[in-house]
Amino acid sequence: MQQDYNPAEIELEVQKLWKDSTVFRAVEDPSKEKYYCLAMFPYPSGQLHMGHVRNYTIGDVIARFQRMQGKNVLQPMGWDAFGLPAENAAIKNKVPPAAWTYDNIDYMRDQLQRLGFGYDWDRELATCTPEYYRWEQWLFTRLFKKGLVYKKTAAVNWCPVDNTVLANEQVIDGCCWRCDAVVEKREIPQWFMKITEYAPDLLKDLDQLEGWPEQVRTMQENWIGRSEGLDIQFDIVASDESIGIYTTRPDTLMGVSYLAVAAEHPLALAAAENNPTLMDFIAECKQMETSEEALETAEKKGVDTGLTAIHPVTGDVVPVWAANFVLMNYGTGAVMSVPAHDQRDYEFAKAYGLPIKQVIEPAGSEECDLGKAAFTEKGKLLNSGEFDGLTSADAFGAIADFVEKNNKGQRQVNYRLRDWGVSRQRYWGTPIPIINCEKCGSVAVPEADLPVRLPENVIVDGSGSPIKSMPEFYKVACPTCGGAAERETDTFDTFFESSWYYARFTCADNNEAMLDERADHWLPVDQYIGGIEHAVLHLLYARFFHKLMRDEGLVSGDEPIKNLLTQGMVLKEGTKMSKSKGNTVDPKGLIDQYGADTARLFIMFAAPPEQSLEWSDKAVEGASRFLKRLWKAVYEHVEAGEVIALDKSALSDEQQDMRSKTQQTLQKMGDDIGRRHTFNTAIAAVMELMNSLAKFEDDSPQGKAVRQEALEIAVLTLSPITPHICHVLWQALGHNEVLVSVSWPDVDESALVQDNIELMVQVNGKLRSKIKVAVDADKASIEALACADEAAQKFMEGKTIRKVIVVPGRLVNIVVG
RNA sequence: GCCGGGAUGGCGGAACUGGUAGACGCGCUGGAUUCAAAAUCCAGUUUCUUCGGAAGUGUCGGUUCGAUUCCGACUCUCGGUACCA
């Protein structure tokens with residue numbers, strides 16, 4: 001064994017051994033319990049960042065730990081390779097997105113290998129290859145025929161100067177990020193997936209996801225947003241038209257003082273023809289951003305359309321306003337407004353002098369002052385004619401019955417979730433496999449013609465997608481009538497690719513089918529690890545895709561992911577590491593200087609996985625120092641010569657204590673890594689063990705045997721985290737087999753039993769003393785011992801004992817007064 | 001705005017089920033070693049203190065024998081908000 005720890009040398013050697021022996025190749029084996037461990041695949045942006053290092057280290061630790069538990073582990077890796085940054089890089093560097101992406105993948109693959117992650121590289125995939133995306137094109141055409149996809153117009157951000165569609169991210173304060181022109185909303189035809197049809201399923205099956213963090217399930221539940229309410233029709237005065245609205249508060253129906261419609265609502269557009277003020281307002285609304293955040297935080301504005309509507313119950317006439325806070329794409333594009341009982345309506349009514357009519361009064365002692373704010377609680381009805389006196393709950397039914405009987409509306413379950421718009425007007429994505437024919441309409445590309453390949457040798461200059469000006473791409477014959485037709489030139493949202501890659505990893509080499517029987521062997525994913533930022537969108541789309549694939553007979557099972565771990569961000573100086581802030585730390589420098597094991601150890605030690613992690617150069621040195629100490633401890637032990645077998649019956653008290661510490665550590669490591677995923681406390685436990693061992697200066701034959709055991713446990717339990725150094729140390733400790741094939745050791749329970757334990761003694765809840773008692777002492781004797789304790793008695797002088805609380809194994813609290 | 005998190009020494013964090021607040025690491029202080037330094041090793045390290053103790057987990061209030069942990073109100077901060085991934 002070498003005297004000094006030389007990470008660069010041993011890590012490359014051990015990595016070569018793993019590669020040559022193909023230990024991480026996953027082969028289906030029905031005789032072993034399977035374990036599918038998946039970390040969210042990266043976007044190949046150029047180089048790994050610390051967030052990746054953290055994500056993939058967590059995954060690798062769990063995978064290696066499960067392997068030691070005897071599981072047949074699948075841990076794959078691939079590339080989420082389509083996306084916007086490739087186009088931006090293409091414009092900047094004049095390199096085609098494909099070339100840029102493949103170069104990045106090559107570089108980043110090397111980085112991952114240098115970190116020693118145990119991936120099955122045979123299953124590697126990149127979503128930008130036709131071998132991958134052809135299958136989502138294929139699935140899309142099946143869903144098209146099933147009626148689960150459809151086309152409708154929807155708004156996009158349009159930069160009138162660059163003549164291009166902008167992502168929300170590229171709109172800064174309502175202006176284009178590159179040319180600063182004011183961005184407009186533009187309505188264009190786009191493809192949608194009917195995710196709302198699966199909303200009840202997506203909601204219900206959240207109950208199955210016991211291995212998911214509660215917060216993620218709650219966020220998804222709120223995002224889906226099931227509500228029960230009433231669809232109601234308001235007829236327009238002097239017209240055949242009517243406005244449909246949806247409300248979850250029918251009890252407030254008598255308090256409606258106006259209706260609000262979206263600026264792009266057909267009735268508003270028609271009314272604007274001879275109303276210049278309304279026309280100006282509609283034009284102004286065109287310059288709003290499309291994001292919900294911008295919409296909700298913008299000042300609420302509106303204009304009277306001049307139209308009026310008839311209240312379906314009272315027959316009263318109410319005005320119709322056009323308002324900037326009503327979304328045309330959401331629901332019916334119209335809402336009823338009850339200023340007395342909705343805060344947003346209240347503020348709008350105050351600003352525009354609209355009436356505020358109270359129809360609900362508090363049923364209890366809640367505060368209600370309509371001079372200050374709306375009363376939004378439920379209560380009792382008033383000013384509501386025949387419904388007066390009903391509770392909000394009873395009024396819901398009564399008013400629903402009334403409206404239904406009079407054919408003015410019906411009960412309705414609604415979801416906040418909207419259908420998924422999958423069209424993108426970008427180049428670097430999966431071509432949507434549809435052909436538009438003047439005669440036949442939208443026609444799916446026949447299966448035999450798939451994949452629709454994306455031309456890769458192109459120039460991207462920021463003036464829109466190059467395939468939109470490539471006749472050789474879009475000019476085709478209609479598959480149905482054979483006439484001249486045009487291919488769809490939009491591409492899929494990149495969430496499309498990431499929604500099913502977890503399944504494709506199980507059979508990435510199948511060129512005949514999207515998935516095969518191996519999908520059912522490996523799925524569901526036993527552990528998925530990724531950033532909390534994906535809590536709703538990516539994870540909801542993946543769940544949706546799984547149900548789509550299930551209903552196509554491609555997978556069985558309702559849910560794709562059994563256990564989810566959401567990791568926090570990596571920060572420096574309290575903020576997210578980013579290029580623009582110039583506070584990034586390149587993993588390359590870290591590995592070159594300290595090695596992969598130190599990088600892995602630091603990042604797992606600095607914080608528990610769910611929390612954000614503060615970067616610290618000094619703490620990295622600390623991690624490196626610990627590994628040097630570990631190396632030295634093994635070196636000195638090995639140099640001290642032969643070790644005899646441990647004889648448990650012949651140990652001194654100190655030797656027993658050391659053994660006890662070793663076994664406690666083993667137990668804690670298994671629990672911390674396997675169940676709690678608190679790798680930071682696991683590492684702290686090994687550090688404690690090593691600190692104890694440093695103080696254990698017993699060179700007798702049995703002392704050396706005890707030390708041998710402690711070092712073996714330290715090396716084995718640390719090996720999922722720092723696998724390279726542990727591999728070498730394990731062999732130095734006299735073992736011939738390779739560490740990756742060694743099982744997790746069993747705890748020797750007999751070493752954990754204690755005769756005496758220490759109890760805290762409190763007086764009135766404050767710690768005053770400690771007593772030693774037998775582990776099986778009864779309550780009465782513990783009470784007596786505590787009350788007789790000298791230090792405790794000082795605080796009891798002149799007072800009477802009111803109560804004594806004994807918490808077994810923990811403390812005694814004497815309450816005096 | 002809305003939905004979901006977070007806040008504990010000088011710093012990262014620990015305290016798992018309401019029961020010893022500050023494990024482990026970093027930093028700092030003192031010592032050993034060294035011609036000297038680096039590295040390494042040992043000891044100490046929440047604050048205040050009349051050395052008896054007292055205070056202390058973002059703020060204010062509550063429940064309890066006992067609250068970092070449970071409840072209510074708030075402040076700041078982070079993630080998401082449907083075209084960043």
Side-chain angles (χ1 to χ4, degrees), chain A residues 40 42-43 45 80 82-85 156-157 165-171 213-216 218-223 225 290-298 300 325 329 343-344 416-426 493-495 498 531-538 540-541 566 568-569 571 574-576 602 605-608 610-623 625-626 628-629 632 671-672 675-676 678 680-681 683-688 691 694 758-767 770 794 802-805 807 809-817:
Chain A
M40 289 181 185
Y43 178 79
S45 57
D80 187 14
F82 276 138
L84 206 46
V156 294
N157 301 306
V165 175
L166 299 177
N168 285 340
E169 177 189 56
Q170 299 172 315
V171 181
E214 191 62 45
Q215 48 156 320
V216 175
T218 305
M219 278 191 268
Q220 293 215 351
E221 186 180 331
N222 293 337
W223 184 265
T290 55
S291 75
E292 188 199 35
E293 186 192 2
L295 198 79
E296 288 282 342
T297 52
K300 308 290 179 285
F325 56 84
N329 292 344
Q343 190 57 29
R344 185 182 64 186
R416 198 188 81 98
L417 182 68
R418 309 199 295 259
D419 275 342
W420 177 14
V422 295
S423 296
R424 295 293 179 270
Q425 297 69 44
R426 288 183 225 301
D493 176 6
T494 55
F495 276 126
S498 55
I532 183 65
E533 66 272 20
H534 296 293
V536 177
L537 291 181
H538 162 61
L540 189 66
Y541 292 142
T566 51
M569 289 186 312
L571 311 175
T575 53
K576 197 172 172 173
F602 161 73
F605 181 58
E610 297 86 356
Q611 263 176 57
S612 59
L613 181 154
E614 179 65 30
W615 181 264
S616 159
D617 290 327
K618 285 289 183 189
V620 172
E621 276 178 46
R625 201 157 16 196
F626 172 73
K628 279 185 206 155
R629 269 206 301 272
K632 196 174 152 207
D671 193 46
D672 282 357
R675 179 182 65 90
R676 297 212 301 153
T678 52
N680 56 329
T681 54
I683 293 163
V686 190
M687 287 174 167
E688 276 190 61
N691 289 345
E758 202 177 32
L759 290 188
M760 303 301 118
V761 179
Q762 294 183 341
V763 178
N764 283 348
K766 290 196 174 175
L767 180 65
K770 295 172 186 180
K794 260 186 9 193
R802 307 256 177 231
K803 204 189 209 179
V804 179
I805 292 147
V807 182
R810 291 214 177 257
L811 58 73
V812 186
N813 188 13
I814 304 162
V815 184
V816 297

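Hydrogens, waters and symmetry mates play no part in the numbers below; they use all other heavy atoms, side chains included.
A:Glu688 meets the side chain to side chain donor-acceptor pair (under 3.5 Å) test with A:Lys661; sequence neighbours excluded. Residues satisfying the side chain to side chain donor-acceptor pair (under 3.5 Å) test with A:Glu533, not counting sequence neighbours, are none. With sequence neighbours left out, A:Thr566 forms a side chain to side chain donor-acceptor pair (under 3.5 Å) with no residue at all. Under the rule for a side chain to side chain contact (heavy atoms under 4.5 Å, CB included), the partners of A:Ala623 that lie at least two apart in sequence or sit in another chain are A:Thr598, A:Leu601, A:Phe602. Evaluation of the side chain to side chain contact (heavy atoms under 4.5 Å, CB included) rule for A:Val171 yields A:Asn157, A:Leu166, A:Val183, A:Glu289 as partners, not counting sequence neighbours. The side chain to side chain contact (heavy atoms under 4.5 Å, CB included) search around A:Asn764 returns A:Val815, A:Val816, not counting sequence neighbours. Looking at residues two or more places apart in sequence or on another chain, you find no side chain to side chain donor-acceptor pair (under 3.5 Å) involving A:Asp80.
When rounded to the nearest whole Å, the span between CD of A:Gln425 and P of B:rC84 equals 12 Å.
Among the nucleotides B:rC84, B:rC16, B:rU81, the one closest to any side-chain atom of A:Arg676 is B:rC16.
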Close N/O contacts between protein and nucleotides 50-56 of chain B (under 3.5 Å):
residue	atom	partner	partner atom	Å
B:rA54	OP1	A:Arg768	NH2	3.3
B:rA54	OP2	A:Arg768	NH1	3.2
B:rA55	OP2	A:Lys766	NZ	2.8

Report all interatomic pairs (protein N or O, nucleotide N or O of nucleotides 62-68 of chain B) with separations under 3.5 Å.
residue	atom	partner	partner atom	Å
B:rC65	O2	A:Asn813	ND2	2.4

Shorter than 3.5 Å, N or O on both sides, protein versus nucleotides 5-10 of chain B: list them out with atom names.
none

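Helical stems of RNA chain B (runs of at least 3 Watson-Crick or G-U pairs, donor-acceptor distances under 3.5 Å) are listed by first residue: B:1-7 with B:75-81, B:10-12 with B:24-26, B:27-32 with B:40-45, B:46-48 with B:53-55, B:58-62 with B:70-74.
The residue among A:Lys628 and A:Arg424 whose nearest nucleotide of RNA chain B lies closer to the 5′ end is A:Lys628.
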* Along nucleotides 22-30 of chain B, 5' to 3', which nucleotides get a B, which get an S, and which get a -, given that the test is a protein heavy-atom distance under 4.0 Å? -> -BBSSS---
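Separation of the C1' atoms belonging to B:rU81 and B:rG10 is 38 Å when rounded to the nearest angstrom.
A:Thr494 has a side-chain polar atom (N or O) that falls below the 4.0 Å cut-off from OP1 or OP2 of B:rA85.
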